[in-house]
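Source: prediction; values computed, not measured.
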Amino acid sequence: MSSLKFQKPDKKNVFVNIWRNISDSNHGLAIMFRESSTVQRLIPLELAVGVALGVIFGFIPLEYIIMGVVLVVLFTVETANSAVEEVNDLVTDEYDERVKRSKDMASASVWIWHLMYIICVFFFLFCHLAHFAWWAHIIPG
């Protein structure tokens with residue numbers, strides 16, 4: 001088993017380092033799409049329901065943009081949560097209350113963003129059903 005050591009950045013090969021970082025990030029994305037049930041099932045379901053309600057009730061482009069931003073943040077938080085869980089599982093195989101607390105806190109951040117998406121979709125739905133143009137109070141003109 002190889003040990004990980006801190007490596008000083010190679011200032012001579014900046015573009016090679018950038019390319020390596022992009023490659024590592026793409027590998028992380030592939031892992032998320034391949035292994036995360038939230039990314040495979042729940043986020044697409046939320047997206048489909050939100051878009052379907054938007055089409056039925058006539059959401060404006062700004063509402064779709066807000067929904068998209070919330071889903072991107074949700075995906076990002078889910079990725080961080082998965083990383084926390086991986087590291088915690090690497091630290092110990094035995095039950096440890098601190099590991100449980102760490103995993104629960106990371107999971108809570110994911111739950112908050114799922115809730116945020118649901119709140120956004122229902123807020124937009126309510127506004128359209130009530131014929132209340134919420135954006136007219138925020139966007140001038």
Side-chain angles (χ1 to χ4, degrees), residues 1-140:
M1 181 173 160
S2 66
S3 64
L4 297 174
K5 294 182 180 179
F6 175 75
Q7 296 176 355
K8 290 184 179 180
D10 183 5
K11 295 180 181 177
K12 295 177 184 172
N13 295 318
V14 173
F15 293 110
V16 171
N17 290 335
I18 292 171
W19 181 254
R20 189 174 301 126
N21 290 341
I22 292 170
S23 176
D24 291 345
S25 298
N26 287 336
H27 182 247
L29 285 172
I31 291 169
M32 288 304 295
F33 282 110
R34 186 176 58 245
E35 297 179 9
S36 171
S37 62
T38 299
V39 173
Q40 291 176 346
R41 295 181 190 97
L42 191 54
I43 292 175
L45 176 64
E46 290 172 332
L47 175 64
V49 170
V51 169
L53 289 172
V55 169
I56 293 167
F57 292 98
F59 287 9
I60 64 170
L62 177 61
E63 292 166 330
Y64 288 112
I65 291 169
I66 292 169
M67 289 166 41
V69 168
V70 171
L71 284 178
V72 167
V73 173
L74 171 59
F75 177 81
T76 304
V77 171
E78 175 62 30
T79 303
N81 175 51
S82 296
V84 166
E85 289 183 358
E86 288 275 335
V87 170
N88 279 326
D89 290 342
L90 181 65
V91 170
T92 182
D93 288 334
E94 297 175 14
Y95 179 83
D96 186 326
E97 184 62 28
R98 294 171 299 176
V99 169
K100 180 185 182 321
R101 288 172 42 89
S102 174
K103 286 182 169 187
D104 288 349
M105 287 184 280
S107 178
S109 63
V110 174
W111 180 82
I112 288 167
W113 282 99
H114 281 291
L115 186 62
M116 191 71 191
Y117 182 77
I118 293 166
I119 289 170
C120 283
V121 170
F122 279 105
F123 173 74
F124 299 152
L125 179 62
F126 172 77
C127 288
H128 283 273
L129 290 173
H131 302 291
F132 174 70
W134 66 269
W135 58 89
H137 301 280
I138 297 171
I139 304 170

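The neighbour count for Asp93 CG, taken as heavy atoms of other residues, nucleotides or ligands under 6.0 Å away, does not exceed 12. Atom NE2 of His27 is surrounded by 12 or fewer heavy atoms from other residues, nucleotides or ligands within 6.0 Å. Heavy atoms from other residues, nucleotides or ligands lying under 6.0 Å from CH2 of Trp135 number more than 12. Atom CZ of Phe15 is surrounded by 12 or fewer heavy atoms from other residues, nucleotides or ligands within 6.0 Å. Other residues, nucleotides and ligands place no more than 12 heavy atoms under 6.0 Å from the CE atom of Met116.
Taking the ring centroids of Phe75 and Trp113, they lie at or beyond the 6.0 Å cut-off.
When all heavy atoms of Lys100 and Asp104 are compared, the closest pair comes out as NZ-OD2, 2.7 Å. Between Phe59 and Gly50, the closest heavy-atom pair is CE2-O, 4.2 Å. Contact detail for Asn81 and Ser107: the closest heavy-atom pair is OD1-N, 3.3 Å. Across all their heavy atoms, Phe57 and His128 have their closest contact at O-ND1, 3.3 Å. Annotation for Gln40 and Phe33: closest pair NE2-O, 3.0 Å, computed over non-hydrogen atoms.
The closest side-chain heavy-atom distance from Leu53 to Val121 is below 4.5 Å.
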Determine, step by step, whether Tyr64 and Val55 satisfy the side-chain contact (heavy atoms from CB on, under 4.5 Å) criterion, reporting the C-alpha distance in whole Å, the side-chain angles of both residues, the deciding distance to 0.1 Å, and the verdict. CA-CA 10 Å; Tyr64 288 112; Val55 169; 3.8 Å; yes
Could you go step by step and tell me if Ile43 and Leu74 meet the side-chain contact (heavy atoms from CB on, under 4.5 Å) rule? CA-CA 8 Å; Ile43 292 175; Leu74 171 59; 3.7 Å; yes
side-chain contact (heavy atoms from CB on, under 4.5 Å) between Phe126 and Phe132: does it pass, once the steps are laid out? CA-CA 8 Å; Phe126 172 77; Phe132 174 70; over 6 Å; no
I would like to know whether Lys103 and Asp89 meet side-chain contact (heavy atoms from CB on, under 4.5 Å); could you show each step before the answer? CA-CA 10 Å; Lys103 286 182 169 187; Asp89 290 342; 2.5 Å; yes
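Put simply, CG on Leu45 and CZ on Arg41 are 11.5 Å apart, with the number rounded to the nearest 0.5 Å. The distance from atom NE2 of His114 to atom CD of Glu46, rounded to the nearest 0.5 Å, is 5.0 Å. Note that OG of Ser82 is 7.5 Å distant from CD of Glu86, once rounded to the nearest 0.5 Å. Note that CD of Glu35 and OG of Ser37 are 11.0 Å apart. Values are rounded to the nearest 0.5 Å. Taking SG from Cys120 and CD1 from Ile66, the interatomic distance works out to 6.5 Å, rounded to the nearest 0.5 Å. Considering CZ of Arg98 and OG1 of Thr92, their distance stands at 9.0 Å, rounded to 0.5 Å.
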